[in-house]
2 protein chains.
Amino acid sequence: MKKKLATLSDIARQLNISVSTVSRALHDHPAINIKTKKKVRLLAEKLNYQPNLLALNLLNRKTNTIGVVVPEITSYFFSSVINGIQDFVNDTNYQLIIGQSEESCEKEKNILQALAKVRVDGFLISPTSETVKPDYYNGLIKSGIPLVLFDRDCVGAKADKVLVDDYDGAFQAVEYLIKTGCRRIAHITGPSDLSISNHRLNGYLDALKKYDLPKQEHRIIEVEGFSPEYGVKAAKKILESPDLPDAIFAINDGIAIGAMYVIKEAGIKIPDQISVVGFDDEPHSSYFIPPLTSVWQPVYDMGMLSARILLNKLSRHRQDKSLRFELLKPELIIRKSSLNLPRE
Amino acid sequence: MKKKLATLSDIARQLNISVSTVSRALHDHPAINIKTKKKVRLLAEKLNYQPNLLALNLLNRKTNTIGVVVPEITSYFFSSVINGIQDFVNDTNYQLIIGQSEESCEKEKNILQALAKVRVDGFLISPTSETVKPDYYNGLIKSGIPLVLFDRDCVGAKADKVLVDDYDGAFQAVEYLIKTGCRRIAHITGPSDLSISNHRLNGYLDALKKYDLPKQEHRIIEVEGFSPEYGVKAAKKILESPDLPDAIFAINDGIAIGAMYVIKEAGIKIPDQISVVGFDDEPHSSYFIPPLTSVWQPVYDMGMLSARILLNKLSRHRQDKSLRFELLKPELIIRKSSLNLPRE
DNA sequence: TTGTATTATGCAAAGGTTTGCATAATGATT
DNA sequence: AATCATTATGCAAACCTTTGCATAATACAA
């Protein structure tokens, strides 16, 4: 049943002319007689001729496909970035192939390998929390496949990078907490190999330092994942201590939401007793009670920009060695899970 | 810099044998001398020979790629289905190309067209809420591209279908509400062209009927979208009326969450005064206070199964005309946004 | 009529692989 | 020595398109 589509030679045969003439006619080549062109176009239309992209791929040694590899697609964060990528790519004739590394370095490598095998023209990658060495990335780059890293950094990778200024976002959040009178600010941080964890942690620490607040080890809790259940765990640990914090700055909204749940269940008032601030500003977050204060990130723009940089690089065949490093600005969105005015 | 990878003819030249021998040697063809095979394999290894898939695609007239088209990827629901698809496909040598229709029939058509052009071997589609005629789908099928519809139905499409028994899920939810003493149950329904809206609405209506409760038009509110802000709008409308419901069954969790927000802000107690039930059982939903009662759907399995059916179909070259219709069972997850025991 | 310019078309290679068929080379049989 | 069977290899077509170069066909000038 697999209907064979019409090819150039079908048209050529029916019109008793050569394949090359047909090809040129359809491309409006000046050397072709106008009457021939008309005949060819008419028949092509009638036969619903579609150029065979597989043949073109082979000829041009490119697929017009780019590989996107993210830790997971079920999170609002990454799916929104992909959204931005999609929207940019939509206006081009590129297609997206998407892979999930599930935070596994091994798995990431397999995906990259598979996608290199199907000859994607370039990569957009957000490294796993395990990926610490840039070797494999650099191998791909060296073999001629350009690559843009987004959201998460991998130090030493010779790739373009589009990141968010996590340090700044964290600093804003914590400075704001301090200005509203919080003095015992806890931080729930992420996997320590992850660039964003460290940048946010540093932002937190530097904000404390700026206002001469002590760094207190026991107020820094590390979690291994980003979903609410890890927030629940962390918050329970925090509440066990008799020395309660007056604010919690969580590495992301998922964690913050888990924490809020535990805190409210324990009968502690948010924000009167404890302020809570998240990171990501997920759409759901503003429908919690109280709505969650959070650091918004330009996720969609990050996707758009990453795609733009990659496609731009692909379009200039002579590759220039220059690498772009973009640092997008996050923004603190203040809602009711934190105070508006200094406490008492 | 674009390094050219080794080809069969590179190997052949160096070994002074023909390309076909090399090809056969690498495929362990019985007619090839064992010593030749060894030589070839050794050199192939050394040159890091990778078969050029573009050439194979052209030769086999297939790409080992399948197109997935969903209304949006940023929702938990669809991204989880994709997750299931990915996981199934991972163990094969198929790749996924993903498109977003954004609930626009026009856009969906464009995507399908583009993907057909790049010669995907098959489609996994969840139709938009606008897609009412199956013509374009059937066109694709007729042209030889198999197609599996998931989650949302399109009546008349001659495709395999993997759906969830939305009717049953809604019926379960509403029957449970009735059994816990609710008598004035409102329903927030979705776009009326959408199969899932109708099935859930019918489940709601039939449950009422079974318990001799009247269908009350003013308790049925239609929304055009699935995110919380639509739930807010709908709930406001419901609260305007003096005749408050004692339960709200929302078409999905997003709507339910928006509604809960408004209800709680209005100082109405959940579930004491109004029970709220959603649909989808998103991970966030259990961290609201009160945690949301919701109808869980086997999203991941739906993805897995859809992919399995499609790949199965692709593997048997003689296509059989038989179409599968799978109806997966949802499950009511009772939490604290609804009563456990009959009221009063 | 011959030569030159102009215009329109075709040939063939390239891109990399697989595979049916033909053939070369070897060994065995009579 | 001649014939046959066996084993190993190569040729060429097919998948479909683009494009440099050659050539055919026509018109025009000398």
Side-chain angles (χ1 to χ4, degrees), chain A residues 2-41 43-44 47-65 93 116-121 144 317, chain B residues 2-41 43-44 47-65 93 116-121 144 317:
Chain A
K2 189 97 171 191
K3 260 200 219 141
K4 265 190 52 183
L5 288 88
T7 71
L8 287 185
S9 72
D10 291 333
I11 299 179
R13 203 174 325 109
Q14 291 194 38
L15 256 36
N16 238 329
I17 55 180
S18 81
V19 170
S20 28
T21 305
V22 176
S23 171
R24 278 190 264 253
L26 291 173
H27 286 87
D28 209 14
H29 191 284
I32 301 295
N33 189 311
I34 184 96
K35 290 177 77 175
T36 319
K37 279 184 191 169
K38 278 204 181 124
K39 273 194 308 187
V40 170
R41 283 193 200 131
L43 186 57
L47 261 44
N48 186 30
Y49 169 76
Q50 306 269 18
N52 185 329
L53 292 190
L54 303 187
L56 286 178
N57 287 345
L58 178 58
L59 193 63
N60 302 325
R61 287 206 215 71
K62 70 178 305 224
T63 54
N64 283 319
T65 303
N93 59 344
K117 215 165 174 177
V118 302
R119 300 281 214 283
V120 294
D121 296 334
H317 9 284
Chain B
K2 189 97 168 188
K3 262 201 219 142
K4 263 188 56 183
L5 287 88
T7 70
L8 287 186
S9 71
D10 291 332
I11 299 179
R13 205 174 323 111
Q14 293 193 37
L15 256 37
N16 238 330
I17 55 179
S18 80
V19 169
S20 28
T21 305
V22 177
S23 170
R24 278 190 265 250
L26 291 173
H27 286 86
D28 208 12
H29 192 284
I32 301 295
N33 190 311
I34 184 95
K35 292 178 73 175
T36 317
K37 278 183 192 170
K38 279 204 181 124
K39 274 194 307 184
V40 170
R41 283 193 201 133
L43 186 57
L47 262 45
N48 185 28
Y49 168 77
Q50 306 269 20
N52 185 329
L53 292 189
L54 304 186
L56 285 178
N57 287 346
L58 177 59
L59 192 64
N60 301 326
R61 288 205 213 73
K62 68 176 307 222
T63 54
N64 283 318
T65 302
N93 59 343
K117 218 167 173 177
V118 301
R119 300 281 211 284
V120 295
D121 295 335
H317 9 285

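Each chain gets a letter, A, B and so on, in the order the sequences are listed, and its residues count up from 1. Note that the structure is a prediction, hence the values are computed from the model and not measured. Both backbone and side-chain heavy atoms feed into the values below; hydrogens, waters and symmetry mates do not.
Backbone-only contact: A:I17 has heavy atoms under 4.0 Å from sugar-phosphate atoms and none from a base.
Where DNA chain D meets chain A (any atom under 4.0 Å from a heavy atom), the bounding nucleotides read 5' to 3' are D:dC16 to D:dG20.
Shortest non-hydrogen contact noted between A:T63 and A:V118 is CG2-O, 3.7 Å. Heavy atoms only, all atoms of each residue included: B:A12 and B:V19 are closest at CB-N, 3.8 Å.
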So which protein nitrogen or oxygen atoms get under 3.5 Å of nucleotides 14-18 of chain C's nitrogens or oxygens?
from, atom 1, to, atom 2, distance (Å)
C:dT17, OP1, B:Y49, OH, 2.5
C:dT17, OP1, B:N52, N, 3.3
C:dT17, OP2, B:L8, N, 2.6
C:dT18, OP1, B:H27, NE2, 3.0
C:dT18, OP2, B:S23, OG, 2.7

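A distance of 8.0 Å separates CD1 of A:I11 from CD of A:Q14, quoted to the nearest 0.5 Å. A:R119 contributes atom CZ, which lies 10.5 Å from atom CG of A:D121 (distance to the nearest 0.5 angstrom).
Sorted by first and then second residue, the side-chain hydrogen bond (donor to acceptor under 3.5 Å, both in side chains) pairs with a member in residues 15-25 of chain B read B:S18-B:S20, B:S18-B:T21; sequence neighbours excluded.
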Name every donor-acceptor pair, under 3.5 Å, that has one atom in a side chain of residues 32-41 of chain B and the other anywhere in the protein, sequence neighbours excluded.
from, atom 1, to, atom 2, distance (Å)
B:N33, OD1, B:K35, N, 2.8
B:K37, NZ, B:D28, OD1, 3.0
B:K37, NZ, B:H29, O, 3.1
B:R41, NH2, B:D28, OD1, 3.0

Please report, to 0.1 Å, the donor-acceptor pairs under 3.5 Å made by any side chain of residues 47-58 of chain A, with sequence neighbours excluded.
from, atom 1, to, atom 2, distance (Å)
A:N52, OD1, A:L54, N, 2.8
A:N52, OD1, A:A55, N, 3.3
A:N57, ND2, A:L53, O, 3.4

Next item on the list: Take A:L43 and A:L15 through the side chain to side chain contact (heavy atoms under 4.5 Å, CB included) test and state the conclusion after the steps.
Entry: CA-CA 9 Å; A:L43 186 57; A:L15 256 36; 3.4 Å; yes

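Taking five base pairs at each end of the helix from C:dT1-D:dA30 to C:dT30-D:dA1, the local helix axes there meet at an angle of 90°, rounded to 10°.
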